[in-house]
Amino acid sequence: MEAYGMKRKKKKERVLKVIKEACIRKPPLLRIGLTLGAFIVYTLAFLLLYTFAGGGIIILVIIPVIAAGCNFGLWGGIVAAIFAVPLDTLLMRFAGVSATEMALRLRAFPFSFALLITIGAAFGRLSDIRGRLKEQNSFLNHILKAIAHPLYCIDVNDYTIKMANPTARKQGKVEGRTCYETTHRLSTPCFHSGYPCPIEEIRKTGKPVTMELIHCCADGSVRNVVVHGYPLFNEKGDLTQIIEYNIDITRNKELERELAESEIRYRCLVEQSLTGIFVIQEEKFTYVNPGFAKIFGYNQQEMLELPSAFDLFVGEDVERSRKNIRKCITGEKEFCLGTYRGSHHSGKILDLEFYVRKIVIGTDSAIMGTVIDITERKQAERKLKASLKEKEVLLKEIHHRVKNNLQVISSMLSLQSSYIKNKKNVVSFLQDCQSRVHSMALVHDLLYKSEDFARININRYIENLVSYILDSYDVFTGRIRMRKKAEEIELDLDTAIPVGLILTELVSNSIKHAFPEGEEGEIEIKLFKETAGNIILEVRDNGVGLPGELDIEKTGRFGLELVDVLIKKLQGSAYLNTEEGTWWKISFPLQFQQGNIG
């Protein structure tokens, strides 16, 4: 039963809705039916009531005229008025009205006709106006329904909402409530609580305003809203109402915050990246990060003002880079990775590694890329290659040098053996050979410990060599004092070994022969470079000295003859002074490049 009752109720509501719409819209057939019905009712009433009411019944003719005016407007009322006069005449004849009364009626015809025309026109015009108003109201209602955002008409005097669209009514009944209660859940106007108020702003300026506010919804949620307020004035120009249109931008605000956070995050990554990042459009930079500008020694603005991005490249790399970028633009290559030479702002040539690919900005194609300065890496690679090559040469040379040094040792032993007259000289012979071999070994030891396998520091070499000679001859330093003064000069292997052998021979001779029977004395060693570029080696002692007319080529002593051979190998010269002890001064060129000794 309950379901049946609900069904009947819905059916009744549908019928009432159809009738209501019919009354509002009035289809053409309904209007014609209503107008003809009015004329029929008038005709029947005239025929039935004329006998009792007399001619006064004619006044009822205005009923169909009004009906026609209401249903068909101005022209419908006029046409009905024109048609009503002959209708009255026909009805009076049919009712048997006397000729005298008919004559009287005809005399009043102009007045009656004018009255009917006026009544028909008036009701027709009213019908037209009402129809237009209904159309306008219907049009406005459709607009209000179509507006997706809340819209209010607010009285500026008491802040009450006079009208709201269906969207605004979703929060409940709002008409009759105040705007501050509806949108802010306040008990007093917004400006009393320190909130911005569009009504007060319009009061001040008299012009439309736009504000961004925060509204509180019925469910307790908070929304960001852009409020557009438009003033409405009365005939006197006084502000009476405002139209308030609210657009919810909460989601927009959330997206803006997310976008801002994302932009900050990615901007930090790009701006603080040590890798250079750039964008090129039409061969000009449209963006460079600080890392890119720093690599080339410019600031960002200077980079953007360059006539062409390819001005940063040098030599054949200008055209090579342009060609590869064009391949990316045309799609021939997905990306390009390569090493190019670029020019620093200071003029320094840079080795750079570029990675570029095509991107689309809006509808335009562009090139985005990264660059890394690999200048130091390239320099390190070149140094490493040079060092490897040098060591390869040294490894090949070392075998040759050792072979030659062994040959020198063999030659020295062979020569010295010819000077041995008796067995007593064997110990001295072996001791001299040991010193000579050690001087050669010391060169290799210093080279081994040096970062540069091709040259040694002669100052360190002399220090170590002299200390060894003193120890090997068991010389008491208090008896023979050593004074050494050598500049920080580096000599190559082919020069250092002869110098070491010469120094060994001269110092050994001074120790053994300059101070006989335990006498005290001093040996001084100097090594320095002359202005002309030659190296000077001086060995001086204050001992008994050598014979005045000594010819070192014919001394009969192996050590001195070896010194003479080594000086010639160095392409040098020797000066010997024996007036006060023994003073050797040996000069040889620094850039001596003789191949090997022996």
Separation between [atom1] of [X] and [atom2] of [Y], rounded to the nearest 0.5 Å:
X: Q241; Y: I202; atom1: CD; atom2: CD1; result: 12.0 Å
X: K253; Y: I214; atom1: NZ; atom2: CD1; result: 9.0 Å
X: I372; Y: D351; atom1: CD1; atom2: CG; result: 13.0 Å
X: T178; Y: Y159; atom1: OG1; atom2: OH; result: 10.5 Å
X: I325; Y: F310; atom1: CD1; atom2: CZ; result: 4.0 Å

[atom1] ([X]) with more than 12 external heavy atoms under 6.0 Å:
X: K327; atom1: NZ; result: yes
X: L304; atom1: CG; result: yes
X: F335; atom1: CZ; result: no
X: I361; atom1: CD1; result: yes
X: K162; atom1: NZ; result: yes
X: R203; atom1: CZ; result: yes
X: K358; atom1: NZ; result: yes
X: E258; atom1: CD; result: yes

I'd like to know if the side chain of T240 and the backbone of L232 have a donor-acceptor N/O pair within less than 3.5 Å.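 At least one qualifying donor-acceptor pair exists.
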
Kindly indicate whether the side chain of [X], heavy atoms from C-beta on, has any atom under 4.5 Å from the side chain of [Y].
X: P198; Y: L213; value: yes
X: H215; Y: V227; value: yes
X: C179; Y: I199; value: yes
X: R223; Y: N246; value: no
X: I277; Y: M368; value: yes
X: E271; Y: P290; value: yes

What orientation do H149 and Y245 show, parallel under 30°, tilted 30 to 60°, or perpendicular over 60°?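 Answer is perpendicular, since the angle exceeds 60°.
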
Among R341, R377, K378, which residue meets the salt bridge (charged side-chain N to carboxylate O under 4.0 Å, His left out) test with E353?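 Running salt bridge (charged side-chain N to carboxylate O under 4.0 Å, His left out) over R341, R377, K378 with E353 returns exactly one hit, R377.
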
Non-neighbouring partners of F292 that pass ring pair (Phe, Tyr, Trp, His ring centres under 6.0 Å), sequence neighbours left out: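 Ring pair (Phe, Tyr, Trp, His ring centres under 6.0 Å) check on F292 returns F278, F285, F296.
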
Pairs touching residues 317-326 that satisfy side-chain hydrogen bond (donor to acceptor under 3.5 Å, both in side chains), sequence neighbours left out: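 Sorted pair list: E283-R322, D317-R320, E319-R322, N324-Y340.
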
